Amino acid sequence: MLATAMEQRPELMTSAAAGDANSFATLIEPLLDPAYRLAAVMLADRSSAEDAVQEASIKAWRRLRQLRGDLKSMRPWFLSIVANECRMARRQRWWSVLKLAEVPSSPSSVEQSSASDLRGALLKLSPDERLPLVLHFYLDLPLDEVARTLRVSPSAAKSRIYRAAKRLRSDLTLEEVF
């Protein structure tokens, strides 16, 4: 589906920029899953992640004419809108309100325990530290797309990934790393 959309992209971009909702839906549909996964990791809440992706989609629809670049520019452009929307959601007042703690289910295996430890260590990172890791390792974006999403140079993106991984590594015990 993504390959088909990318082959037709110039025509779809033209018609979507002219206001065709179906063309925009065809362009944005392959990007919704990575966008949701990014938002879910950044916000650690499913409903908030859905809201952030929905708001980002609306903003992308409104700003579609501002998109410049080649065929590869749509995904980093949209993911940067999602990341900014997540940052704005975290800044809003309701994030400062304490939520009721979820009752942790008893881990039935070592895998669940280590996965929750990794998740906890990821959540200890600030959203700006977590973002490059999620983009590169979780969404499997190449370094140049991570750089375009973060709006930095590839070398800056690489150093942000390295520093965040180093900080994450220090939060995990030796058993969890191996």
Side-chain angles (χ1 to χ4, degrees), residues 1-2 5-6 16 21-64 66-67 72-105 107 111-152 157 160-161 163-165 167-169 171-172 176:
M1 170 99 174
L2 181 61
M6 288 301 152
N22 291 329
S23 297
F24 179 74
T26 303
L27 284 171
I28 205 77
E29 194 268 328
L31 305 175
L32 292 178
D33 181 55
Y36 173 74
R37 291 188 296 160
L38 172 64
V41 171
M42 286 191 70
L43 297 175
D45 183 46
R46 287 183 179 195
S47 64
S48 299
E50 291 170 356
D51 291 343
V53 172
Q54 185 175 14
E55 287 296 321
S57 299
I58 292 168
K59 287 182 179 181
W61 169 251
R62 290 180 184 155
R63 298 179 190 165
L64 190 59
Q66 296 175 359
L67 176 63
K72 299 177 185 177
S73 62
M74 180 95 175
R75 183 167 60 173
W77 176 74
F78 183 65
L79 290 178
S80 67
I81 294 173
V82 172
N84 288 336
E85 195 61 38
C86 292
R87 286 185 196 109
M88 288 185 349
R90 291 194 61 89
R91 282 188 214 124
Q92 288 178 351
R93 184 171 184 241
W94 64 270
W95 271 96
S96 63
V97 176
L98 291 176
K99 293 183 180 182
L100 293 176
E102 294 180 17
V103 179
S105 60
E111 290 179 13
Q112 287 180 342
S113 176
S114 64
S116 66
D117 291 342
L118 177 60
R119 185 172 188 259
L122 266 173
L123 292 176
K124 286 181 186 177
L125 298 175
S126 73
D128 289 334
E129 290 175 321
R130 194 177 326 140
L131 180 59
L133 288 176
V134 171
L135 291 171
H136 188 65
F137 294 111
Y138 186 61
L139 295 181
D140 201 28
L141 294 182
L143 194 58
D144 63 325
E145 283 193 36
V146 172
R148 281 189 276 162
T149 302
L150 297 175
R151 296 184 178 145
V152 296
R160 286 182 187 191
I161 291 168
R163 282 186 301 222
R167 180 137 187 265
L168 179 68
R169 196 175 302 127
D171 286 344
L172 298 174
E176 296 165 343

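What you see is a predicted model; the values in this text were computed from it and never measured.
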Chemist: Supply the atom-to-atom distance Leu123 CG to Leu43 CG, rounded to the nearest 0.5 angstrom.
Modeler: 10.5 Å

Chemist: Considering non-hydrogen atoms only, spot the tightest contact between Pro34 and Leu31 and give its length.
Modeler: CD-O, 3.4 Å

Chemist: Who passes ring pair (Phe, Tyr, Trp, His ring centres under 6.0 Å) against Phe24, sequence neighbours left out?
Modeler: Trp61

Chemist: Enumerate donor-acceptor pairs with a distance under 3.5 Å from any side-chain N or O in residues 79-86 to protein atoms, sequence neighbours excluded.
Modeler:
residue: Ser80; atom: OG; partner: Pro76; partner atom: O; Å: 3.3
residue: Ser80; atom: OG; partner: Trp77; partner atom: O; Å: 2.7
residue: Ser80; atom: OG; partner: Arg151; partner atom: NH2; Å: 3.4
residue: Asn84; atom: OD1; partner: Arg87; partner atom: NH1; Å: 2.5
residue: Asn84; atom: ND2; partner: Ser80; partner atom: O; Å: 3.3
residue: Glu85; atom: OE1; partner: Lys59; partner atom: NZ; Å: 2.7

Chemist: Once rounded to the nearest 0.5 Å, what's the spacing between atom CZ of Phe78 and atom CG of Leu38?
Modeler: 10.0 Å

Chemist: Does the side chain of Leu143 come within less than 4.5 Å of Ile161's, by heavy atoms?
Modeler: yes

Chemist: Search all heavy atoms of Ala157 against all heavy atoms of Val146 and return the closest pair with its distance.
Modeler: CB-CG1, 4.1 Å

Chemist: To the nearest 0.5 angstrom, please state how far the CZ atom of Arg160 sits from the CG atom of Leu150.
Modeler: 6.0 Å

Chemist: Do side-chain atoms of Glu145 reach the backbone of Pro142 as a donor and acceptor pair under 3.5 angstrom?
Modeler: no

Chemist: Only pairs under 3.5 Å count here: list side-chain donor-acceptor contacts from residues 130-139, not counting sequence neighbours, and write none if there are none.
Modeler:
residue: Arg130; atom: NE; partner: Leu122; partner atom: O; Å: 3.1
residue: Arg130; atom: NH1; partner: Val41; partner atom: O; Å: 3.1
residue: Arg130; atom: NH1; partner: Met42; partner atom: O; Å: 2.8
residue: Arg130; atom: NH2; partner: Leu125; partner atom: O; Å: 3.0
residue: His136; atom: ND1; partner: Leu141; partner atom: O; Å: 3.1

Chemist: Are Ser57 and Val53 close enough that some pair of their side-chain heavy atoms sits under 4.5 Å apart?
Modeler: yes

